[in-house]
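Here the structure is a predicted model, which means the values were calculated and not measured.
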Amino acid sequence: MDKLQTIEDFYADKLDLMPDNLTKEIGHFNVLRIEDTLKQAVKPFPFNRKDYFKICLSIGESRVHYADKVISFKEQALVFTNPLIPYKWEPLSENQTGFTCIFSLSFFKDYGRIINYPIFQPGAVPIYPVTREEANKIAAIFLKMIAELNSDYPYKDDLLCNLAFELVHISLKMRPAESIPYGNSNAAARITSMFVDLLDRQFPIDDLSQRLQLRTASDYARQLSVHVNHLNKSIKEITQKTTSELINERLLQESKILLKHTNWNVSEIAYVLGFEEPTNFNQFFKKQLQLTPSQFRII
């Protein structure tokens, strides 16, 4: 996997320019036409993590490698990416158009918690194929963003946040079952929400000096100051899965990412994921996928 790409890297690579408003403290927000970011022949972007968020309307046949999944669409799609999950965009046709909204989380620091929405969570598949009519309505929102960015309106940052949230809500309405967060109803939902947040914060693993610290339901229960039985009951009630199943799903996803997109050996991957021995990692992986890590790496 390539190194983490910063906003500065994005501009240097795609446009050979550096905007004036990249100050980390105040945040960054910009909208670009996709065709303006393609300097030469259309080619795949590298598979890596970015330190910024993107909302894209991609028009043209494409394939997106997102975490351990590959999603293709023939015409147009609304795509959301975040710093937790690595991805690669692979254009499959020469005619690629659309819009890219690129922003840092700090831009929203006084305006809602956009990162809490399901489309920016690690378990989501935030790629939404849309019809041509839907794409036209979404494009109109991006054009409003561009108009505001070029205006002198003193409250344009708030308006830009509003427009970004409008894109989020459009996508969630497309898949309403995925738009129900864990954290609004009762004590079980609150505990589940805290568990999911803590689980997500263990990832991504970007460096061999990192090592996963929380591996079991008991580890998470101690961190959350609840009894493990209470944690297990709450999670089962809300998600219909066990605590261990959720931990193992996230471990498996990160395992697949590291096997496919780093040159780390299996022993190193086992270590950073908190396994005491490579054989334990091999057993875990084979139980989940009926393949060894080495077999998965070469398919």
Side-chain angles (χ1 to χ4, degrees), residues 4-11 18-34 37 49-58 77-85 87 98-128 130 134-135 137-176 178-185 189-190 192-194 196-198 200-201 203-204:
L4 182 76
Q5 186 187 63
T6 66
I7 292 182
E8 291 84 355
D9 293 334
F10 171 85
Y11 282 110
M18 203 64 61
D20 297 330
N21 60 342
L22 280 180
T23 306
K24 301 294 185 186
E25 291 75 16
I26 63 172
H28 178 72
F29 190 103
N30 200 5
V31 179
L32 303 164
R33 294 179 183 271
I34 285 178
T37 68
R49 293 183 173 96
K50 285 74 173 168
D51 77 345
Y52 51 84
F53 293 74
K54 286 171 75 174
I55 306 175
C56 301
L57 175 62
S58 179
L78 191 57
V79 181
F80 297 81
T81 68
N82 69 77
L84 290 176
I85 305 296
Y87 71 93
F99 298 91
T100 293
C101 169
I102 178 171
F103 60 88
S104 61
L105 186 59
S106 55
F107 186 81
F108 287 80
K109 66 180 179 180
D110 297 321
Y111 198 96
R113 291 284 296 164
I114 196 167
I115 194 174
N116 287 350
Y117 282 82
I119 54 173
F120 289 121
Q121 298 304 307
V125 183
I127 298 165
Y128 299 78
V130 296
E134 289 169 333
K137 292 178 180 178
I138 292 167
I141 296 172
F142 280 101
L143 289 171
K144 286 182 183 178
M145 289 178 173
I146 292 173
E148 291 306 325
L149 281 166
N150 293 325
S151 77
D152 295 324
Y153 182 53
Y155 304 107
K156 67 180 180 182
D157 285 359
D158 288 352
L159 188 48
L160 289 168
C161 289
N162 263 331
L163 292 168
F165 272 111
E166 187 173 350
L167 293 174
V168 168
H169 289 293
I170 285 172
S171 67
L172 294 180
K173 286 181 178 180
M174 291 178 186
R175 297 181 194 160
E178 295 181 7
S179 65
I180 304 171
Y182 292 136
N184 292 335
S185 56
R190 288 194 296 273
T192 302
S193 179
M194 290 189 292
V196 171
D197 181 63
L198 188 57
D200 290 344
R201 280 193 274 126
F203 304 95

Tightest non-hydrogen contact, residues Ala135 and Leu57, listed as O-CD2, 3.6 Å
Q.
Please determine whether side chain to side chain contact (heavy atoms under 4.5 Å, CB included) holds for the pair Leu198 and Met194, giving the CA-CA distance in whole Å, both sets of side-chain angles, and the decisive distance to 0.1 Å.
A. CA-CA 6 Å; Leu198 188 57; Met194 290 189 292; over 6 Å; no
| query | Is there a side-chain contact between Phe99 and Ile146 (heavy atoms, below 4.5 Å)? | reply | yes
Consider only side-chain N and O atoms of Tyr111 and Asn162, and report whether a donor and an acceptor are under 3.5 Å apart. yes
All heavy atoms of Leu78 vs all of Ile55, minimum pair found to be CD1-CG2, 4.1 Å
**Asked** So, do Phe107 and Leu160 sit near enough that their side-chain heavy atoms are less than 4.5 Å apart?
**Response** yes
- Message: When you measure from the side chain of Ser104 to the backbone of His28, do you find a donor-acceptor pair of N or O atoms at a distance under 3.5 Å?
- Response: yes
Q | Tyr117 side chain reached by Leu172 side chain, heavy atoms, under 4.5 Å | A | yes
To the nearest 0.5 Å, atom OG1 of Thr100 lies from atom CZ of Arg33 at 11.5 Å
Discussion item. Are Ile114 and Phe53 packed together at the side-chain level, in the sense that at least one heavy-atom pair is separated by less than 4.5 angstrom?
Written reply: no
Tyr52 meets the ring-ring contact (aromatic ring centres under 6.0 Å, His included) criterion, sequence neighbours left out, with Phe10
CD1 (Ile127) and OG (Ser171) are apart, to the nearest 0.5 Å, by 12.0 Å
* In sequence, state the C-alpha distance, the side-chain angles, and the governing distance for Asp157 and Glu148, and then conclude on side chain to side chain contact (heavy atoms under 4.5 Å, CB included). => CA-CA 8 Å; Asp157 285 359; Glu148 291 306 325; over 6 Å; no
Worksheet item: Quick one: are Leu167 and Leu163 in side-chain contact, heavy atoms under 4.5 Å?
Response: no
Measure the shortest side-chain to side-chain distance between Leu159 and Met145 over non-hydrogen atoms and say whether it is less than 4.5 angstrom. no
Note: Met174 and Ile138 closest approach over all heavy atoms is CE-CD1, 4.4 Å
Residues at least two apart in sequence or cross-chain that pass salt bridge (charged side-chain N to carboxylate O under 4.0 Å, His left out) with Asp158, listed by chain then number, are none
#### Entry: Whether over 12 other heavy atoms sit under 6.0 Å from Lys144 NZ
no
Less than 4.5 Å apart, any side-chain heavy atom of Phe29 and any of Ile102? no
Across all chains, not counting sequence neighbours, the side chain to side chain donor-acceptor pair (under 3.5 Å) partners of Glu166 are none
Check: Given side chains that start at C-beta, do those of Cys101 and Phe142 come closer than 4.5 Å, heavy atoms only?
Finding: yes
Check for a donor-acceptor pair, side chain of Lys54 on one end and backbone N or O of Thr81 on the other, with a separation under 3.5 Å.
no
If you take the centroid of each ring, where Trp contributes its six-membered ring, are Phe108 and Phe165 closer together than 6.0 Å?
yes
